[in-house]
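Atoms within a ligand are numbered from 1 in the order they appear, just like the ligands themselves. Keep in mind it's a predicted model, so treat the numbers as computed, not measured.
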Amino acid sequence: MFDLIVDNARLYPMAGAASRAAARSFAVLDGRIATVGATGPARARLDAEDRVVLPGFIDCHTHALYVGDRLHEREQRRAGASYAEIARAGGGILSTVRGVRAASVEQLCAATKPRLLALAREGVTTVEVKSGYGLDLTSEIRMLEAIDQLRRELPIDLSATCLAAHAVPPEMSRASYVDFVIEELLPAVHARGLARRIDIYIEHLAFDLADAERIFLAARTLGLGIHAHCEQLSLMHASELAARHGARAVSHLEYLDGRGIEALARNGTVAVLLPGAFYCLNETRLPPIAGLRAARVPMAVATDLNPGTSPVASLLTCLHMAATLFGLSAEEALLGVTDHAAHALGLEDRGRLTVGRRADFSLWDLPEPAMLTYQLGGLAPSAVYVEGKPL
Ligand code: DI6
Ligand code: FE
């Protein structure tokens with residue numbers, strides 16, 4: 001006896017436009033896909049009425065947990081200041097750090113919930129959320145605890161990443177902060193089981209390759225996964241270093257070169273594209289999509305939802321931007337928010353509608369999934385299911 005049968009569905013188990021299944025139905029048991037194609041007795045039945053059924057979307061790179069906004073930086077940028085100049089003057093990430101340090105878990109959750117629910121309404125069923133606006137022991141842990149609380153309160157799944165190495169806090173030197181992250185913060189986060197991976201911002205205005213190497217070694221010792229922000233504003237060869245240390249994913253990559261592409265390909269590292277940040281910062285340098293494609297590097301697409309560079313609480317918008325601005329095919333863009341995003345997070349239990357995976361899916365009244373890379377706005381799933389249950 002299954003829990004649910006979904007039938008009369010145009011089923012896209014891999015989400016790519018070219019990979020529609022012959023099967024028209026699937027069965028759910030205990031939150032997982034039990035069979036595809038066959039039917040049988042079930043406690044409930046969902047007639048998809050010939051709608052498109054896609055795997056639940058996965059937003060694999062966000063800084064969704066924050067309070068306040070940075071609207072004033074928009075004006076500063078309009079007047080000619082760059083993101084780096086604003087950051088060096090004590091604005092940027094550090095202005096959000098001041099707000100987050102003063103906020104309680106409840107205030108952090110209340111500010112973040114509407115953003116996560118906005119993603120869920122578009123069919124997003126898993127969201128990665130980073131810390132990185134605390135930059136001290138109690139504030140980083142409070143951020144991760146807030147993510148854990150939201151995970152328990154919301155119907156979608158959240159996956160927390162410790163981004164302690166996001167910026168250097170004003171009260172410390174870079175070297176002593178890196179020591180503190182390695183010696184105190186990461187062990188404390190690991191001991192509490194609050195994050196399954198680390199991330200680091202490797203850029204001239206943040207951390208360098210030597211800092212990154214030390215943090216990667218510490219993460220590996222603790223058995224934490226590795227993600228990194230690389231080559232966003234300049235070529236630092238950070239992707240090569242991260243890949244060599246077994247990074248699952250590296251993000252941004254506008255300045256990535258051929259050597260970096262080879263390193264990602266060799267290590268099976270996912271390239272996470274963040275067109276929302278590219279768009280909001282008015283960037284012109286495109287990530288090397290043709291090279292990534294030729295080297296068969298899996299590409300994911302995420303919102304980078306954050307108050308500074310990508311106040312974009314819409315994965316559908318980013319999917320559209322990945323296709324329109326970066327030139328991804330519809331299939332690449334859709335794989336980028338499903339299977340490849342799951343792989344980036346090491347969550348191989350989702351991202352496809354195949355037997356054994358989580359029954360996270362959405363129903364769409366569309367002629368075909370590629371419509372999501374064509375029409376901007378006005379599209380929403382008619383239903384979203386997480387582990388076989390309606391949102
Ligand atoms: N890269 C980004 O896009 C965000 N963090 C990072 O390292 C920006 C975060 C912010 O400006 O608040
Ligand atoms: Fe980011």
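Using a 4.0 Å cut-off between a side-chain N of Lys or Arg and a carboxylate O of Asp or Glu, Arg24 and Asp7 do not qualify as a salt bridge. Note on Arg248 versus Glu128: no salt bridge recorded, every NZ/NE/NH1/NH2 to OD/OE distance being 4.0 Å or above. A salt bridge does not link Glu387 to Lys389: none of the charged side-chain nitrogens sits closer than 4.0 Å to a carboxylate oxygen.
A donor-acceptor contact shorter than 3.5 Å is absent between the side chain of Arg352 and the backbone of Thr338. Remark: side-chain polar atoms of His245 are not paired, donor with acceptor, to backbone N or O of Phe216 under 3.5 angstrom.
For atom 11 (O) of ligand 1, the closest non-hydrogen atom on the protein side is Tyr83 OH, 2.5 Å. For atom 7 (O) of ligand 1, the nearest protein heavy atom (residue, atom name, distance) is Tyr201 CG, 3.0 Å. When hydrogens are left out, the protein atom nearest atom 5 (N) of ligand 1 is His166 NE2, 2.7 Å; that is the closest non-hydrogen contact. Nearest non-hydrogen protein atom to atom 12 (O) of ligand 1 is Tyr133 OH, 2.6 Å.
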Quiz item: Can you list the steps and then say if Leu292 with Leu256 is a side-chain contact (heavy atoms from CB on, under 4.5 Å)?
Solution: CA-CA 10 Å; Leu292 290 165; Leu256 183 69; 3.8 Å; yes
Exercise. Under the side-chain hydrogen bond (donor to acceptor under 3.5 Å, both in side chains) rule, what do Arg70 and Thr96 come out as? Steps first, then yes or no, please.
Key: CA-CA 8 Å; Arg70 306 232 295 273; Thr96 301; 2.7 Å; yes
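An N or O contact shorter than 3.5 Å links Asp304 to ligand 1 by distance. Between Thr96 and ligand 1, a contact under 3.5 Å exists for no N or O pair.
Taking the six-membered ring for Trp and thresholds of 30 and 60 degrees, Phe278 and Phe326 have ring planes more than 60 degrees apart, a perpendicular arrangement.
Close contacts of ligand 1 with His63, meaning ligand atoms under 4.0 Å from a residue heavy atom, involve 4 (C), 5 (N). Each of the atoms 10 (C), 11 (O), 12 (O) of ligand 1 lies under 4.0 Å from some heavy atom of Arg70. Those atoms of ligand 1 with a heavy atom of His229 less than 4.0 angstrom away are 1 (N), 6 (C), 7 (O). Set against the non-hydrogen atoms of Ile93, the atoms of ligand 1 under 4.0 Å away are 9 (C), 10 (C), 11 (O), 12 (O). Close approach of ligand 1 to Asn306 (heavy-atom distance below 4.0 Å) involves ligand atoms 3 (O), 4 (C), 8 (C), 9 (C), 10 (C), 11 (O), 12 (O).
Under 4.0 angstrom from ligand 1, there are no non-hydrogen atoms of Tyr66. Here His252 has side-chain heavy atoms under 4.0 Å from ligand 1, and that is the only part of it that gets that close.
The cationic group of Arg115 lies under 6.0 Å from the six-membered ring centre of Tyr66 and within 45° of the ring axis, placing it in a cation-pi geometry.
Vertex the Fe ion (ligand 2); arms to His61 atom NE2 and His229 atom NE2; angle 90° (nearest 10°).
Sorting the N, O or S atoms of Asp304 by how far they are from the Fe ion (ligand 2) puts OD1 first.
If you look at His229 and His227, their ring centroids are not closer than 6.0 Å.
In this structure, Glu203 does not count as a contact residue of ligand 1, since none of its heavy atoms falls inside 4.0 Å of the ligand.
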